[in-house]
Each structure stands twice: as C-alpha cells, then as structure tokens.
Amino acid sequence: MRAVVTVIGHDGKGIIAKVSKECYECGANISDITQSVLREYFAMIMLVDIDDMSVSFSEFVDRLESLGNKNGLEIKAMHEDIFNSMHRI
Amino acid sequence: MSMLNMSDVLETVNMLTEENLDIRTITMGISLFDCVSEDENRFAEKIYDKITSKAKNLVKVGEDIEKQYGIPIVNKRVSVTPVSLVGGSMSEEGYIKAAKALDKAAKELGINFIGGYGALVQKGMTLGARRLINSIPVALSETERVCSSVNVASTKAGINMDAIQLTGRTVKELARLTKDQDSIGCAKFVVFANVPEDNPFMAGAFHGIGEDECVINVGVSGPGVVSSAIERAGDCSLSELSEIIKKTAFKITRMGQLVMREASSRLGVNPGIIDLSLAPTPAVGDSVAHILEEMGLEQTGAHGTTACLAMLNDAVKKGGVMAAGSVGGLSGAFIPVSEDAGMIDAVKAGSLSIEKLEAMTAVCSVGLDMIAIPGDTPEAVICGIIADEISIGVANTKTTAVRVIPAYGKKAGDTVNFGGLLGYAPIMDIKPLSPEKFIMRGGRIPAPIHSLKN
C-alpha cells in the first residue's frame with residue numbers, strides 16, 4: 001500500500017530533511033518525490049510505501065501533522081486511492 | 001505506476017482543506033423484519049439488539065476511513081425498516097417503546113440520528129400505520145435521535161388526503177411538545193411523495209421493503225467545491241459551466257464510491273447506493289444558494305433562480321452517475337433554509353419567499369425543507385402547504401417532501417435556532433387564507449394521467 005504525503009507552506013531550509021526523517025523514523029519508504037517552489041510557497045508531494053511501517057498509519061498521519069504544526073507547514077498523509085479514484089477514470 | 005500529477009493532488013487536498021469537501025453520511029440500512037413480535041417489550045428488545053449488533057462497528061469503521069483517506073465523514077447513521085411495517089399489532093404505547101429502543105441504540109452506537117420510525121400510506125392506511133402516525137409527536141419529543149417520515153402520496157397511487165390531515169396535526173403537535181427547544185421535533189419529521197427507499201439522509205432515511213438484510217448507503221456533499229470551480233471558471237457560457245459542474249460532481253462522487261467500497265467491505269455488508277447530493281451546512285463556503293449566486297444571480301430568489309437550479313441539479317446528476325456504481329436516494333441539490341447560510345440570508349433580505357422555494361422544488365431534490373413558519377399557522381394551512389408540495393412530486397413523477405417548523409409562540413421575523421447541522425432560520429411569512437374546506441374533504445386525490453402532457 002502506498003500513501004501520498006503533501007507538504008505545503010512557506011519555503012525554508014530543511015523542509016525535505018525534516019519530513020524525510022519523520023518518514024524514516026516511522027518506517028515509511030519514500031518511492032517518489034516531486035517538489036517545487038512557487039513564489040515563496042513550497043509544495044512537495046511524496047509517494048511513500050507504508051507496508052512495513054513501524055507505527056500504525058493513523059500514528060504516521062498524526063506525527064506528520066504535528067511536525068507540520070511545529071514548522072508552520074501543512075502536512076497531510078492520505079492513502080493514494082483517494083487520488084486515483086478522483087483523477088483517473 | 002507513475003507519480004501522481006502534482007496539480008491533481010493539490011486539487012484534492014484543496015477541496016478537503018479549503019472547500020469543505022466531505023462525505024456527508026454513511027448510513028447503514030438494517031432490516032427489522034425479523035424483529036416482529038406480538039409482545040411490545042420483546043419487540044423493542046429485538047430492535048435494540050439487532051441494531052446494536054449489526055452496526056456496532058459503524059462509527060469505528062467510519063473514523064478509520066476518515067483517518068486513512070483524510071476525508072471527513074460528517075455523519076454515521078442508521079436507517080431501519082419503517083417501524084409500522086414490523087409493528088403492525090402494536091398499540092401507540094408499544095410503538096413509543098420501539099422509538100425509545102431506537103433512541104437507546106443510537107446512543108449506544110454513538111450516532112446522532114436513526115431513521116425509519118415511519119409509515120407508507122400513499123394509498124391507504126392500515127390500523128397499525130394509523131397508530132404509529134398518532135404516536136409520532138410523543139415518540140419524537142420523548143426521544144432525542146429518532147427521525148420519522150410518512151409517505152402520503154405516489155405518482156401511481158395518488159395523494160392520500162386523509163394521511164395529509166393526520167400529518168398536519170402531527171406537525172402542529174410536535175411543535176407544541178418541543179416548544180422549549182424552538183419546536184425542534186418538527187425538524188425530525190418529514191412528509192413525502194414518491195419516497196426513495198434507500199435514502200441515506202435524515203430525517204427521511206429508512207430501509208425499504210425490497211432492500212437487503214443490511215447495506216451501506218453513502219451521501220456525498222460538496223457545495224463549496226462546486227462553487228469554487230464556478231468561480232475559477234470566470235466568464236463562460238452556461239454550456240461550459242454545465243461541463244465544469246459535471247466534472248466536479250464526478251470527482252466528488254468518486255470519493256463517495258471509494259468510501260462506500262471501503263465501508264461496506266470492512267463492515268462485511270453489501271454496498272447500497274450513492275446519493276448524488278449537494279447537501280449544504282450552515283458553515284461559510286458550504287451553501288447551495290451561494291452556488292446559484294456564483295452562477296450569476298444577484299441573490300437566490302431572483303427571477304431566474306428556478307432555471308439556474310434546474311441546470312445545477314441536472315449537471316450534478318450527469319457527472320455523478322458516471323462516477324458511481326449504483327445511484328439512488330434523493331440525488332440532487334438540497335435547498336433547506338435553516339441549513340444553508342445563503343438561503344438564510346436570502347430569506348432575511350426578503351428575496352426568497354415560500355412560493356419561490358416551492359417552485360424551486362419542482363426542479364431539484366427533496367422539497368420544502370427546514371422552513372420555519374409562524375407558530376400560530378393553522379393546521380389546515382400546514383396541510384395545504386404539504387398538499388401543494390406533495391402534488392408537485394406526484395404530477396412530476398419525482399420525490400418531494402415537506403419539513404416545516406411552525407415555531408411555537410413565534411411570529412414572522414423571529415428566529416429559531418436548532419444548533420449544529422440543523423442550523424437556524426428566520427420565520428417566514430405565510431398567507432393567512434384558509435384551505436380548510438378543501439383539506440377537510442378528505443379522501444384521495446386520484447393518480448395523475450401520464451399522457452396528454454401539458
């Protein structure tokens with residue numbers, strides 16, 4: 001199973017490092033990253049493998065959210081099926 | 001599989017975080033046919049046991065899905081077989097015990113409403129159905145979460161005016177018995193024509209007679225998403241706008257389909273239907289009236305409103321149908337007054353009258369919904385409001401319904417406040433003219449002819 005992690009907020013140093021570290025600590029394997037900075041806004045989407053995580057998916061969601069809160073970012077993790085069903089016929 | 005498209009991902013996230021996209025309800029339909037008993041205590045006990053066993057994981061599963069997909073599921077609810085069909089031998093007291101069992105089950109499950117305390121009397125009324133209807137005011141005022149509906153007409157059977165007389169009295173009595181809470185009892189009671197038997201939305205949800213033992217029905221929502229999509233489209237023709245609404249409805253409904261698949265499989269029950277609805281809430285950015293205004297009306301209620309709504313309703317269905325495996329329920333735009341910030345404003349400004357609302361119901365989902373009227377409105381006038389709305393449904397082969405609140409002790413211009421999703425409403429002015437002689441004739445208005453259409 002894979003999940004999509006979205007990170008949105010003001011640009012700053014070390015955002016990718018912090019999010020990657022959290023993923024690593026939870027045992028989520030990053031399989032793809034796309035990232036861009038539009039004016040001062042940072043947007044990143046990560047595709048992560050969640051099959052061998054050391055924590056529950058729900059804890060993963062909460063940990064990323066609180067990491068976002070601490071750093072002024074909005075971080076969400078959602079199962080990839082929501083995007084597939086909405087955007088693929 | 002390749003990486004998801006960035007703008008698609010951000011669009012979905014934006015819908016969820018900025019535009020109030022949610023699943024409005026997952027409703028478990030449960031058959032009560034095997035709860036029949038001639039003993040009223042046993043009847044109530046069997047109802048309680050069946051519901052609490054079938055739906056025991058409903059809330060938990062709903063919350064798990066919310067977490068996994070990041071989609072809010074606002075309500076988890078239960079609908080049951082119309083209680084009059086399984087409790088035919090009950091006295092009024094027996095029915096009220098059953099209502100209390102439903103209420104207790106809802107509390108035990110942690111759900112806010114349970115629907116199905118109702119009767120189907122479109123052609124005639126059994127003694128059991130009559131006793132159930134007579135028990136509704138006490139049953140709903142002595143419970144908190146039980147919802148009730150009565151189907152008084154269908155295109156095939158015509159309109160049961162005797163039943164309308166009874167429901168008019170029921171509405172008045174409910175208003176009186178719940179006067180301390182702005183007559184909230186009336187918000188839990190709906191009168192229908194051509195009622196759908198798989199509707200997941202309250203207060204009209206029940207589990208129809210041709211349904212499975214247990215199913216999951218899903219009601220989607222998303223007025224804010226549609227409104228924003230129209231805003232982004234800027235100046236464009238109505239043909240283009242229709243395409244935009246269809247595409248948006250498709251996306252919203254696909255999310256509903258995903259939730260239905262997950263919920264039914266995790267709960268081990270069959271998937272039912274998706275109700276393709278635009279269901280507003282009083283929250284800012286979650287209004288159907290604001291969609292109409294975004295489409296180009298100065299305010300909802302302006303001439304042009306009916307045309308605007310007809311197009312919106314049609315486009316939502318066209319987009320949604322392709323996204324869903326099975327469609328049912330009330331499917332369409334809802335136009336409740338108290339639950340929609342834009343409708344409330346339009347009524348307050350004097351732009352939207354009950355007559356215009358009635359016209360709007362001819363082209364969209366449901367009917368005169370959550371409309372507060374003066375507390376001293378005579379019973380016959382309420383019956384007249386019901387009969388008018390019901391006849392629109394019967395003549396047009398569509399569902400219509402009435403949920404009016406004659407707010408006890410209040411007059412036009414006052415406000416009622418129910419809180420939460422039920423919202424608040426300014427009390428609308430009603431014509432004082434009496435239809436009493438017409439209503440009191442009773443009997444049945446025959447089914448309409450379906451040729452020679454004019």
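Note: hydrogens, waters and symmetry copies are ignored here, and every other heavy atom, side chains too, is used. Order of the sequence lines sets the chain letters (A, B, ...), proteins ahead of strands, with each chain counted from 1.
- Only the side chain of A/Ile8 has a heavy atom closer than 4.5 Å to any heavy atom of chain B.
- Looking at B/Thr17, the atoms closer than 4.5 Å to chain A (heavy atoms on both sides) all sit in the side chain, from C-beta outward.
- Within 6.0 Å of NZ on B/Lys107 lie more than 12 heavy atoms contributed by other residues, nucleotides or ligands.
- Looking at A/Ser58, both its backbone and its side chain come within 4.5 Å of chain B, counting heavy atoms on both sides.
- Comparing A/Lys76, A/Met44, A/His87, A/Met78 by how many heavy-atom pairs each has under 4.5 Å with chain B, the most go to A/His87.
- Under the 4.5 Å side-chain criterion, counting only non-hydrogen atoms from C-beta, B/Met311 is in contact with B/Met295.
- When every heavy atom of A/Ser85 is checked against every heavy atom of B/Leu258, the shortest pair comes out as OG-CD2, 3.6 Å.
- For A/Phe42 and A/His10, the ring centers sit 6.0 Å or farther from each other.
- In A/Asp51, the CG atom is crowded: over 12 heavy atoms of neighbouring residues, nucleotides or ligands sit closer than 6.0 Å.
- The aromatic rings of B/Phe201 and B/Phe334 sit perpendicular to each other, their planes meeting at more than 60°, with 30° as the lower class boundary.
- For A/Ala43, the parts lying near chain B are the backbone and the side chain together; criterion is any non-hydrogen pair under 4.5 Å.
- With a 4.5 Å cut-off on non-hydrogen atoms, B/Gln257 does not touch chain A at all.
- With a 4.5 Å cut-off on non-hydrogen atoms, A/Ser31 does not touch chain B at all.
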